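The shown structure was predicted, so the numbers you read here are calculated from the model rather than taken from an experiment.
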Amino acid sequence: MSYFNRMKEFDYEQLVFCQDRTSGLRAIICIHDTTLGPALGGVRMYPYEREEDAVVDVLRLARGMTYKAAVSGLNLGGGKAVIIGDPTQDKTEALFRAFGRYIETLHGRYITAEDVGSSIQDMSYINMETDHVTGITVARGGSGDPSPVTARGVYNGIKACWNHKEGTSSLRGVTVAVQGLGHVGQHLCRLLHAEGANLIVTDVNERPMEEVVSECSARSVDPDEIYSVDCDVFAPCALGAVINDRTLEVLRCSVVAGAANNQLEEDRHGDELTKKGIIYAPDYVINAGGLMNVYEELAGYSQERAFKRVDHLFYTITSILETAKEKNIPSYLAADVVAERRLEEIRSISSIWANRTGTPVGR
């Protein structure tokens, strides 16, 4: 694989390989685009079988963060990092502090955060070496666990989708099938239950299912059954690529809106949802609450300000669905249009400013 060709295809700015013999660190930092501001994206720790798999993953994730920040109205660029290793066995303070030192060498071009395989404690270790980290503990001036805020954003997105379909944002009596009961999924279930929604839930682990069934009067089903249950809203909050050829044949919902990343196995599956008349909330928009939450840390964290920003996702999703209907395009494509429009506007302004003053702006 030619890394330069891959970077040129989608205009990536920087790919940084990090190695530390003492701690065993093997990490890759990718900065996709800094048109709107410094690149912010979490650090994922995963036991990739091949180095190439890690590169492909970090490139894909970094580009997604550019679009997520742009469509959410944040002054941030897109970036991501991956650490090659097993998070259940290979984590040490030394490893994350070594990673923090590499982040510091980028002088603020990349800001990291918690992601799959990393934790708030890991962010605290990184914070010992650099200030370019978010999602740290409340004791250190951070916002703590972002899951409740991410769930709040998904909840608002579901309400926007239902309002687009039915002309009301009330979810009382609406049946929502929630796939995945991690921290975000559980918080989402509580918000839906409080409004009077009927819940059908599943998870690969029995314990969270039992807790949600008891607390939220939910009905549980086996993981493979969740796709075919009769419901109004299907909310994937676990795995990616859950909208695919197999599941499209059995889905019995009118809305797909959940917290999971990369829900469409391929773009064409988003096209198929549109053909079937199923409303789809683009995943990188509806799950942007976590990014919005850590963004507020950069100016001194305020939960009130974070909640206000996340609640605006109702209007962002509404605008995207209206654009999709107006232009007769799938909603995932409409979200890309909104994000790319903002990026191009800022690039144009920056170019005009640079030409007039001789002072480069942005990259």
When you check the side-chain N and O atoms of [X] and [Y], is any donor under 3.5 Å from an acceptor?
X: S302; Y: E296; value: no
X: D145; Y: H183; value: no
X: N244; Y: T247; value: yes
X: N293; Y: S143; value: yes
X: R309; Y: H312; value: no
X: Q179; Y: T202; value: no
X: N127; Y: S124; value: no
X: D122; Y: S119; value: yes
X: S147; Y: H187; value: no
X: D283; Y: N262; value: no
X: D267; Y: Y332; value: no
X: Q14; Y: Y110; value: no
X: Y67; Y: D33; value: no
X: D86; Y: T88; value: yes

Exercise. Check the pair R342, E345 against salt bridge (charged side-chain N to carboxylate O under 4.0 Å, His left out), reporting the backbone distance first and the verdict last.
Key: CA-CA 5 Å; R342 182 167 182 240; E345 286 175 354; over 6 Å; no

Taking all non-hydrogen atoms of both residues into account, name the closest pair between [X] and [Y] and its distance.
X: C161; Y: A281; value: SG-CB, 3.7 Å
X: K159; Y: S169; value: NZ-O, 3.0 Å
X: V149; Y: G289; value: CG1-O, 3.8 Å
X: N198; Y: G173; value: ND2-O, 3.2 Å
X: G157; Y: I286; value: CA-CD1, 3.8 Å
X: V58; Y: C30; value: CG2-CB, 3.8 Å

Practice problem: Identify which one of V178, D230, V176, T175 satisfies the side chain to side chain contact (heavy atoms under 4.5 Å, CB included) criterion when paired with I200. | Solution: T175

Self-check item: Given V154, V285, N287, T318, the one that forms side chain to side chain contact (heavy atoms under 4.5 Å, CB included) with L313
Solution: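 That would be V285.
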
Rounded to the nearest 0.5 Å, how far does [atom2] of [Y] lie from [atom1] of [X]?
X: E266; Y: I243; atom1: CD; atom2: CD1; result: 13.0 Å
X: M128; Y: R101; atom1: CE; atom2: CZ; result: 12.0 Å
X: I111; Y: L106; atom1: CD1; atom2: CG; result: 11.0 Å
X: R219; Y: C231; atom1: CZ; atom2: SG; result: 9.5 Å
X: I29; Y: R109; atom1: CD1; atom2: CZ; result: 11.0 Å
X: L181; Y: C189; atom1: CG; atom2: SG; result: 5.5 Å

Please determine whether a side-chain nitrogen of the Lys or Arg among [X] and [Y] lies less than 4.0 Å from a carboxylate oxygen of the Asp or Glu.
X: R50; Y: D53; value: yes
X: R246; Y: D224; value: no
X: E93; Y: R97; value: yes
X: E210; Y: R207; value: no
X: E272; Y: K275; value: yes
X: K308; Y: D311; value: no
X: R172; Y: E195; value: no

Practice problem: Just do the side-chain hydrogen bond (donor to acceptor under 3.5 Å, both in side chains) check on D115 and S118 with the steps written out, would you? | Solution: CA-CA 5 Å; D115 203 287; S118 62; over 6 Å; no

Check for a donor-acceptor pair, side chain of [X] on one end and backbone N or O of [Y] on the other, with a separation under 3.5 Å.
X: H107; Y: T105; answer: yes
X: T150; Y: G290; answer: yes
X: T34; Y: G37; answer: no
X: D90; Y: G85; answer: no
X: H32; Y: F10; answer: yes
X: E129; Y: E104; answer: no

Quiz item: After noting the C-alpha distance and the side-chain angles of R60 and D57, does the key distance pass the salt bridge (charged side-chain N to carboxylate O under 4.0 Å, His left out) rule?
Solution: CA-CA 5 Å; R60 175 179 58 85; D57 203 26; 2.3 Å; yes

Practice problem: Would you indicate whether the side-chain heavy atoms of L25 and Q19 approach each other to under 4.5 Å? | Solution: no

Quiz item: So, do I320 and P282 sit near enough that their side-chain heavy atoms are less than 4.5 Å apart?
Solution: yes

Quiz item: Can you check side chain to side chain contact (heavy atoms under 4.5 Å, CB included) on V116 and Y46, steps first, answer last?
Solution: CA-CA 8 Å; V116 175; Y46 189 80; 5.5 Å; no

Exercise. Take I83 and L95, measure what side chain to side chain contact (heavy atoms under 4.5 Å, CB included) needs, and give me the verdict at the end.
Key: CA-CA 10 Å; I83 295 175; L95 183 141; 4.0 Å; yes

Quiz item: Same hydrophobic cluster for V233 and L191, using side-chain heavy-atom links shorter than 4.5 Å among ILVMFWY?
Solution: yes

Quiz item: Mind checking whether I31 and F99 sit in one hydrophobic cluster, side chains of I, L, V, M, F, W, Y counted as touching below 4.5 Å?
Solution: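 I31 clusters together with F99.
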
Self-check item: Test log, rule side chain to side chain contact (heavy atoms under 4.5 Å, CB included), inputs L248 and K276
Solution: CA-CA 9 Å; L248 278 166; K276 288 177 173 288; 4.3 Å; yes

Quiz item: Taking the six-membered ring of Y12 as reference, does the NZ or CZ atom of R6 fall below 6.0 Å from its centre and within a 45° cone about the axis?
Solution: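 Not flagged: R6 not positioned over aromatic ring of Y12.
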
Practice problem: Go through D245 and R268 one step at a time and tell me if the salt bridge (charged side-chain N to carboxylate O under 4.0 Å, His left out) criterion holds. | Solution: CA-CA 10 Å; D245 290 338; R268 65 182 177 85; 3.0 Å; yes

Exercise. Decide yes or no on side chain to side chain contact (heavy atoms under 4.5 Å, CB included) for I226 and F234, but give the supporting numbers first.
Key: CA-CA 8 Å; I226 198 69; F234 171 50; 4.2 Å; yes

Quiz item: How about Y315: does its OH atom have over 12 heavy atoms from other parts shown lying under 6.0 Å from it?
Solution: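 12 or below, so no.
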
Quiz item: Counting heavy atoms not belonging to D131, are there more than 12 under 6.0 Å from its CG?
Solution: no

